[in-house]
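One structure coming up, written as structure tokens, with questions to follow.
Order of the sequence lines fixes the chain letters, A, B, ..., with proteins taken first and strands second; residue numbering starts at 1 for each chain.
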Protein chains: 2
Amino acid sequence: MTTNSARPRGRPRRFNPEEGVAIDQRLFHARGYDAASVADLTEALGINPPSFYAAFGSKAGLYARVLDRYSCAGAIPLSEILRPNRPVAECLAALLEAAARNYAADPAAAGCLTLEGTRCNDPEARDAARAMDRAAIDTIRRFIAARHPEEADQVTNYIETTMAGLSAKARSGHGLDRLLATARLAGLILAQALRV
Amino acid sequence: MTTNSARPRGRPRRFNPEEGVAIDQRLFHARGYDAASVADLTEALGINPPSFYAAFGSKAGLYARVLDRYSCAGAIPLSEILRPNRPVAECLAALLEAAARNYAADPAAAGCLTLEGTRCNDPEARDAARAMDRAAIDTIRRFIAARHPEEADQVTNYIETTMAGLSAKARSGHGLDRLLATARLAGLILAQALRV
DNA sequence: CGCTATTTGTAGTCATCGATACAAAATGCC
DNA sequence: GGCATTTTGTATCGATGACTACAAATAGCG
């Protein structure tokens, strides 16, 4: 067995890539994928382009890691909100409220990182964001279909559209109060739609 | 009085700027402001950059003319939908339905040109789109406030958020059927919200 | 101390962005 | 015809985009 030294062979890194992902996550969230340039991303990390590309491969590569991190740190915790032992309409109303709170939590990085990412102009980054978005939507649809199979498609469409609207309005300056009021109003229809 | 000749003095134009605005309107709508390059815009018109800048001043200048044209040709006809002699909730439900139809009308240029324009990365174009958006929102708010002053702000927020969501989802591929179903579901809450 | 491996900083690459300089071309006016 | 005026096409401009070639620097290993 070879020695498993704590430090690898060559010159040591002067920055921590994991911390870099966290820092640039905020930058991507604040400015959007297109408007966050590699020059911005490297400057925020205090490194030069070669270190950036050695660590992350490409701008889109870093963005993929940011999206992964976002699902664990920053995104709405779907599994905590969509509980199998609670009425579906109640869960979905809570989801919309959580979206309002989440999207308004940081005014400098408003809206949903993933949802906004699905609208950028880079095909690779856009596809990565869309894949993440689809996964979240499928989770919601399956949660609804488990108890309301007939209404699952329609209500899922309504939820994702409302969340997209909340994210868009958060980015255009709507604060917590307005988002929350809208989310609650939007949530009122769910009980009817699910025939509770 | 000087002679008002039909044709001005110098070399005649080989293209019609008004037609150019109409053609590039579709291009802006299809790709978004940022992704539609001046090279694209001039090629679509069959002209070279100098003719483009002589006629429109700048890319953002053309976009301002496109937004103006959109309000007359392409956008939702607010004045036809928000009728003072019809119940407010009914008008707003019709507005959401019109939005669904309008945003899905041309799959290659989905969503609302103005709403999508408010999210671009060029400050000048973004401000122009935001001004147009604010004007539309104010029209809606005043229409509601005329008969439901207490609920005007909240319901206006709900309407603009829902329309932003519909536009976003139209661009992400939702067809007429899904948008319409969502718009109708969203419209159901209006009667309750306005205490009719 | 060499030797290898890896990261670093400098200084670029090439493509594309929006926007222009300039002279030839095409018209009206006299 | 000759001049003034305006648009045209060609061929760029400088700035910025993502990305890299290359050699000096810094470590472990023998």
Side-chain angles (χ1 to χ4, degrees), chain A residues 1-21 24 27-28 31-66 117 120-128, chain B residues 1-21 24 27-28 31-66 117 120-128:
Chain A
M1 191 198 286
T2 57
T3 53
N4 193 6
S5 60
R7 192 179 282 176
R9 195 70 117 73
R11 177 172 173 170
R13 273 214 176 94
R14 281 170 42 93
F15 79 108
N16 183 329
E18 287 302 321
E19 290 176 13
V21 171
D24 282 345
L27 220 163
F28 273 130
R31 304 195 193 173
Y33 182 85
D34 294 321
S37 71
V38 171
D40 297 329
L41 296 164
T42 55
E43 191 189 357
L45 269 47
I47 62 176
N48 293 310
S51 300
F52 178 89
Y53 286 97
F56 308 119
S58 68
K59 181 182 174 184
L62 168 61
Y63 187 66
R65 291 185 59 172
V66 164
C120 80
N121 286 315
D122 181 83
E124 189 179 344
R126 192 171 54 222
D127 287 349
Chain B
M1 188 200 289
T2 57
T3 53
N4 192 4
S5 59
R7 191 179 284 177
R9 194 74 117 70
R11 177 172 175 171
R13 273 214 176 93
R14 280 170 41 92
F15 79 106
N16 184 329
E18 288 301 323
E19 290 177 12
V21 172
D24 282 346
L27 220 163
F28 273 130
R31 303 194 194 173
Y33 182 85
D34 294 321
S37 72
V38 172
D40 296 329
L41 296 164
T42 54
E43 190 190 358
L45 270 47
I47 64 177
N48 294 309
S51 301
F52 178 89
Y53 286 97
F56 306 118
S58 68
K59 181 184 174 183
L62 168 60
Y63 188 66
R65 292 184 59 172
V66 163
C120 79
N121 287 315
D122 181 85
E124 188 179 346
R126 192 172 53 220
D127 287 349

| query | For B:Arg13, which residues count as a salt bridge (Lys or Arg N to Asp or Glu O under 4.0 Å) partner, sequence neighbours excluded? | reply | none
| Residues that A:Glu43 engages under salt bridge (Lys or Arg N to Asp or Glu O under 4.0 Å), provided they are two or more places apart | none
| field | Sequence-aligned protein contact record of nucleotides 8-15 of chain C, with B where the base is within under 4.0 Å of a protein heavy atom and S where only the sugar-phosphate is | value | SBB-----
| field | Pairing residues for A:Ala44 by the side-chain contact (heavy atoms from CB on, under 4.5 Å) criterion, not counting sequence neighbours | value | A:Ile23, A:Asp24, A:Leu27
| task | Would you kindly give the CG-to-C1' distance between A:Asn121 and D:dA18, to the nearest whole Å? | result | 15 Å
| task | Under the side chain to side chain donor-acceptor pair (under 3.5 Å) rule, collect the residues that match up with A:Asn48, sequence neighbours excluded. | result | none
| Which residues share a salt bridge (Lys or Arg N to Asp or Glu O under 4.0 Å) with B:Arg126, sequence neighbours left out | none
| Whole-Å distance separating the CG atom of B:Leu45 from the P atom of D:dT8 | 11 Å
| task | Report yes if at least one side-chain N or O of B:Tyr53 is closer than 4.0 Å to OP1 or OP2 of C:dT20; otherwise report no. | result | no
| task | State the CZ-CD1 distance between A:Phe15 and A:Ile47, to the nearest 0.5 angstrom. | result | 4.0 Å
| Heavy-atom pair of closest approach, residues B:Tyr63 and B:Gly117 | OH-CA, 3.1 Å
| field | Any residue meeting side-chain contact (heavy atoms from CB on, under 4.5 Å) with A:Ala60, in chain and number order, not counting sequence neighbours | value | A:Tyr33, A:Ser58, A:Asp122, A:Glu124
| query | Taking only residues two or more places apart in sequence, or in another chain, which ones meet A:Asp127 in a side-chain contact (heavy atoms from CB on, under 4.5 Å)? | reply | A:Arg130
| note | On DNA chain C, more 5' by nearest nucleotide between B:Gly10 and B:Asp34 is B:Asp34
| message | Test: salt bridge (charged side-chain N to carboxylate O under 4.0 Å, His left out). Region: residues 47-65 of chain A. Which pairs qualify, not counting sequence neighbours? | response | A:Glu18-A:Arg65
| field | Side-chain-base donor-acceptor pair under 3.5 Å for B:Arg9 and D:dA4 | value | yes
| query | Rounded to whole angstrom units, what separation is found between the CD atom of B:Glu124 and the C1' atom of C:dA19? | reply | 13 Å
| note | Note: contacts of residues 35-42 of chain B with DNA chain D (heavy atom, under 4.0 Å) are none
| Which of residues 56-66 of chain B have a heavy atom under 4.0 Å from DNA chain C? | B:Ser58, B:Lys59
| remark: Sequence neighbours excluded, the answer for side-chain contact (heavy atoms from CB on, under 4.5 Å) partners of A:Ala39 is A:Ser37
